[in-house]
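Working notes, beginning with the structure itself.
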Amino acid sequence: MAQYVIRGGTPLVGEVEIGGAKNAALGILAASIMTDETVTIDNVPDVRDTSVLLEAMEGIGVQMHRIDRHTVKINGSNVRNVNIEYELIKKIRASYYLVGALLGKYREAEVPLPGGCNIGSRPIDQHIKGFRALGAEVEVEHGVIHARAKKLVGAHIYMDVVTVGATINIMMAAVMAEGKTTIENAAKEPHVVDVANFLNSMGAQIRGAGTDVIRIRGVSRLHSAEYSIIPDQIEAGTFMFASAATRGDVMIKNVIPKHLESITSKLIEMNCEVDEFDDAVRVVAARGLRATQIKTLPYPGFPTDMQPQAGVTLALSEGTSTITESIFENRFKYVDEVVRMGANIKVEGNTAIITGGGKYSGANITAPDLRAGAALCIAGLAAEGVTVVDDIHYIERGYEDFDSKLRAMGAQIEKTESEREVRKFKLRSKIVS
Ligand code: EPZ
C-alpha cells in the first residue's frame, strides 16, 4: 500500500492554491443528473471520492465528458436504472446524495447504505424522515435504501439534529416536489449553500440556504447550467494549521476568507499572525504557539473536519488545551498514533486534554481516516526525523496532490510504494537536511 514518508523539522514557507470543495462537489455532481440537459461543472477536486461518485453515476447511464482534470460535462438524460453498484458505492459516504437526486427526478432510487470514514455511527434517519415527509415510501433492506413515491408533495420538515447530508439530500428531493417545502434547523455549511446555488442555477427555487430555515418552491423541471464549485474550506484550514505547526509562513490562495473565520480566530488565539486578503489568507507562526480551548460545532462554529489538525498542533503549543468533539463520537483515533510521536493527550469521553509544549519525533504511523490522516502528516512535518504514514488512501479521498502541494512549500515529503523507496528517501533527505 502507498505511504507518505516525511522528514520533518522544516518550516513551510511559500504558497498553496486551494482546490474545489469536496463536500460541495459530491452534492453538486449528484444533483447534476436532475435535468435531462447537459450541465458543465468546473473546479471539481480530482480526489478519490469524486472519481468514485462519477464512476457510479456512469454505471447507471449518466454520460460524462471530462473537459480537463477539474471540469466535467454531465448529461443524465438516459439514466437506465436507479440501482447503484454496491462495489463502487460502499467506498464513499456521499453515495446517499444519489437517493435525493434520483428520488427528486425519477420518484425512485435504490442505493446501498453509505460507507466512508469510521468516525462515528453515521445514521441516516434524518434523510429518511425528510423523504417520507415529502411522500416517499422508504425502506432499508439488505443494506440498500429503497425509496419510491407516486408523487412528491412539499412539506414542513424540522431536523432533529443539524445535519449537512440530510439538509442537502432533502433539498434535492424537494426541488421538483409539488408546492412548498420548509426545512427548519437546516445545516448552514458553505457546501450546503453551494449545492443550493447550483440547483438554483438549474432553475430551482431555493431561498434561505446558509440560514437555519430553507424554503423551497417546487418547479416542474430543471435545465442546463454552468457552475464552478467553491474553494475547499477544510483543505484551506488544513494548510493553515500545517503552517502553524511547522512555525511557517504560508499564503493560502483561492479561498473565501469568510468560510475560514472560526479557524482564523483559533489560530490567532494560538499566537499566529493571520492576514486576510480578498481570496487568500496568510498564516505566519513566527512566535511560540499558545494553548486554547476548542469545541467543534456546526457552521459557523469550529468545523469537526478541522479537529484532528488542531489537536496535533495544540500538542506543540505552550500550556494545556482542551478539544470537545460535539459532532461525531469517534473522531480522536489520531490520538493513539500521535502519542507514539511524543504528544501528551488524554481522551475522556468526547473531550481531549492536551498538555502542550511537547516535541514530535518521527515514527511509523497509520492514517485511521481522512482528516486524521492529514493531521498525522502535519505532525510528521513538525517532527524531528522521519515519519512514515501508512494507509494514505484515506487522505487521497479528500486531498488532491497533497504531497506535491507540501513539497512546493519546502516540505520533505514523498509518496512511496515500497520499503526500498523509503530507504532511498531517508538517505537522500538526510543529505539535503
Ligand atoms: C458531512 O458528513 C461531511 N461529509 C463530513 O465530512 C463532515 O464531517 C460532516 O458533514 C459534518 O460537517 C460530506 O459532506 C460527504 P452530518 P455528514 O449529517 O453529512 C448526525 C470529511 O472529512 N446525523 O452533518 O454525514 C450524525 O451522526 C467528512 O470530509 C443523524 O443523527 O454529516 C452526526 O452526529 C467526514 N442522523 C451529525 O448528525 C442523520 O440522518 C452531523 O452529521 C444524519 C446525521
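When a ligand or atom number is given, it counts from 1 through the structure's own listing order. Side-chain atoms are counted along with the backbone in the values below, which use heavy atoms only and exclude waters and symmetry mates.
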Min side-chain heavy-atom separation [X]-[Y] under 4.5 Å:
X	Y	result
Val47	Arg397	no
Lys180	Arg215	no
Arg221	Glu37	yes
Val72	Leu29	yes

Under 3.5 Å: N/O of [X] near N/O of ligand 1:
X	value
Asp305	yes
Asn23	yes
Ala94	no
Gly165	yes

> Can you name the nearest heavy-atom pair linking Met202 to Ala225, along with the distance?
Replying inline: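 Between these two residues, the closest heavy atoms are CG-CB, 3.8 Å.
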
> Looking only at heavy atoms, what is the nearest atom pair of Arg290 and Ile268, with distance?
Replying inline: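 Heavy-atom minimum between the residues: NH2-O, 4.5 Å.
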
If the cut-off is 4.0 Å to any non-hydrogen atom of [X], which atoms of ligand 1 fall inside it?
X	result
Ile119	35 (C)
Lys22	21 (C), 29 (O)
Arg122	2 (O), 17 (P), 25 (O)
Val164	10 (O), 12 (O), 16 (P), 18 (O), 19 (O), 24 (O)
Leu370	21 (C), 22 (O), 29 (O)
Thr304	8 (O), 11 (C)
Arg331	8 (O), 22 (O), 35 (C)
His127	40 (O)

Just heavy atoms, cut-off under 4.0 Å: does [X] contact ligand 1 by side chain, backbone, both, or neither?
X	result
Asp125	both
Glu329	neither
Thr163	both
Gln126	both
Val161	side chain
Ile168	neither

Note: [X]-[Y] ion pair, threshold 4.0 Å (strictly below):
X	Y	result
Asp401	Arg69	yes
Asp125	Arg132	no
Glu15	Arg282	no
Lys415	Asp403	no

> Heavy-atom distance to atom 42 (O) of ligand 1: which of Tyr96, Tyr394, Phe328 wins?
Replying inline: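 Among Tyr96, Tyr394, Phe328, the closest heavy atom to atom 42 (O) of ligand 1 belongs to Phe328.
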
> Which option out of Gly130, Ala24, Ser326, Pro123 puts a heavy atom nearest to atom 43 (C) of ligand 1?
Replying inline: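 The nearest heavy atom belongs to Pro123.
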
> Taking it one step at a time, do Asn75 and Thr38 satisfy side-chain hydrogen bond (donor to acceptor under 3.5 Å, both in side chains)?
Replying inline: CA-CA 5 Å; Asn75 183 297; Thr38 298; 3.1 Å; yes

>> Can you list everything that forms a side chain to side chain donor-acceptor pair (under 3.5 Å) with Thr324? Sequence neighbours excluded, please.
In response: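 With neighbours one apart ignored, the set is Thr351.
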
Does [X] come within less than 4.0 Å of ligand 1, judged by its heavy atoms?
X	result
Glu325	no
Asp369	no
Gly398	no

> Of all residues at least two apart in sequence or in a different chain, which pass the salt bridge (Lys or Arg N to Asp or Glu O under 4.0 Å) check with Glu189?
Replying inline: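 Salt bridge (Lys or Arg N to Asp or Glu O under 4.0 Å) check on Glu189 returns nothing, list empty.
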
> Are more than 12 heavy atoms from other residues, nucleotides or ligands located less than 6.0 Å from atom NZ of Lys129?
Replying inline: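 For Lys129, atom NZ is crowded (more than 12 foreign heavy atoms under 6.0 Å).
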
